[in-house]
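What follows is a single structure, written as structure tokens, with notes after it.
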Amino acid sequence: MQNFDEVYQVVRLIPHGRATSYGAIANYLGSKGGARLVGWAMNAAHTKDDVPAHRVVNRNGVLTGKNFFETPDKMQQLLESEGITIEKDQIRDFDKVFWDPSVELG
DNA sequence: TTCCTGACGCTTG
DNA sequence: CCAAGCGCCAGGA
């Protein structure tokens, strides 16, 4: 879906070592479909390897979709590989690594 | 074709 | 402050 494509575009623009939330993307796209559809888009994006879905978490910074990866630890592993610290499946200092598309992209 | 569920988030009780 | 419900769109049965 085209809506999903926009989501992929935003997710792809997430800088290395940063993370954003489903709601932030939904908000940037004008709440199109809401945060849920962003997560759903990630599911479709799962087939695409160009979309770093591991950099997308919920507004709490929790790795809710980690279970959807090849391995539940894969998401955390990728994030830690980028310098992001994970504490109990949650990003530490999420406010610091948080990447708001509506702010960064304008 | 219709109903239900889903990687979420906000508002209300 | 904590818990529950509703709303968003799309896809599968």
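The sequence lines fix the lettering, A, B, ..., with proteins before strands; numbering per chain opens at 1. What's counted below: heavy atoms across the whole structure, side chains too, no hydrogens, waters or symmetry copies.
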Exercise. Is a salt bridge present between A:Glu82 and A:Arg55, judged by a nitrogen-to-oxygen distance below 4.0 Å?
Worked result: yes

Exercise. Do side-chain atoms of A:His46 reach the backbone of A:Phe68 as a donor and acceptor pair under 3.5 angstrom?
Worked result: yes

Exercise. When you measure from the side chain of A:Gln90 to the backbone N and O of A:Asn60, does any donor-acceptor pair fall under 3.5 Å?
Worked result: yes

Exercise. Taking the C1' atom of each, how far is B:dC4 from C:dC6, in whole Å?
Worked result: 16 Å

Quick one: [X] [atom1] to [N] [atom2], roughly how many Å, whole number?
X       : N      : atom1 : atom2 : answer
A:Phe94 : B:dG9  : CZ    : C1'   : 13 Å
A:Phe4  : B:dC8  : CZ    : C1'   : 14 Å
A:Arg59 : B:dG9  : CZ    : P     : 8 Å
A:Lys32 : C:dA10 : NZ    : C1'   : 15 Å
A:Gln90 : B:dC8  : CD    : P     : 14 Å

Exercise. Counting only heavy atoms not in A:Arg12, do more than 12 sit closer than 6.0 Å to its CZ atom?
Worked result: yes

Exercise. Should A:Ile84 and A:Leu78 be marked as a side-chain contact (heavy atoms from CB on, under 4.5 Å) after you check the CA-CA gap, both sets of side-chain angles, and the distance that decides it?
Worked result: CA-CA 9 Å; A:Ile84 299 178; A:Leu78 289 170; over 6 Å; no

For this session: Could you run through nucleotides 1-7 of chain B and give me one letter per nucleotide, 5' to 3': B if any protein heavy atom sits under 4.0 Å from the base, S if only the sugar-phosphate is that close, - if neither?
Result: -----BB

For this session: Give, for atom CG of A:Asp100 and atom OG1 of A:Thr20, the distance between the pair rounded to the nearest 0.5 Å.
Result: 6.0 Å

